Amino acid sequence: MEYSGVMLVLGGVLPCLGLGLFYYLLKLLLEFKDDSTDNSSPQYVREINKKLNLHNVETERDLL
């Protein structure tokens, strides 16, 4: 039984794509765990708080 060229290419490309996707998702997971162990607030929250402080905006949190 003879394999076509397409099947041989797919046999070589698909495992590489799967391995690349695995390492990409592993990297995202490790970055997420690093961010979640950080006790400070996320970057976007710090940016919002900085903008609120610049414009002297009172929030409900400030009133408590």
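Worth saying up front: this structure is predicted, and the values here are computed from it rather than measured.
Linking Ile, Leu, Val, Met, Phe, Trp and Tyr whenever their side-chain heavy atoms come within less than 4.5 Å leaves Tyr23 and Leu17 in two separate clusters. Residues Val9 and Leu14 share a single hydrophobic cluster, defined by chaining ILVMFWY side chains whose heavy atoms lie under 4.5 Å apart. Hydrophobic clustering (ILVMFWY, side-chain heavy atoms < 4.5 Å, transitive): Val13 and Val6 are in one cluster. Under a hydrophobic clustering in which Ile, Leu, Val, Met, Phe, Trp and Tyr are joined whenever their side-chain heavy atoms come within less than 4.5 Å, directly or via other members, Leu28 and Leu21 fall into the same cluster.
One finds the CD atom of Glu47 at 11.0 Å from the OH atom of Tyr44 (value rounded to the nearest 0.5 Å).
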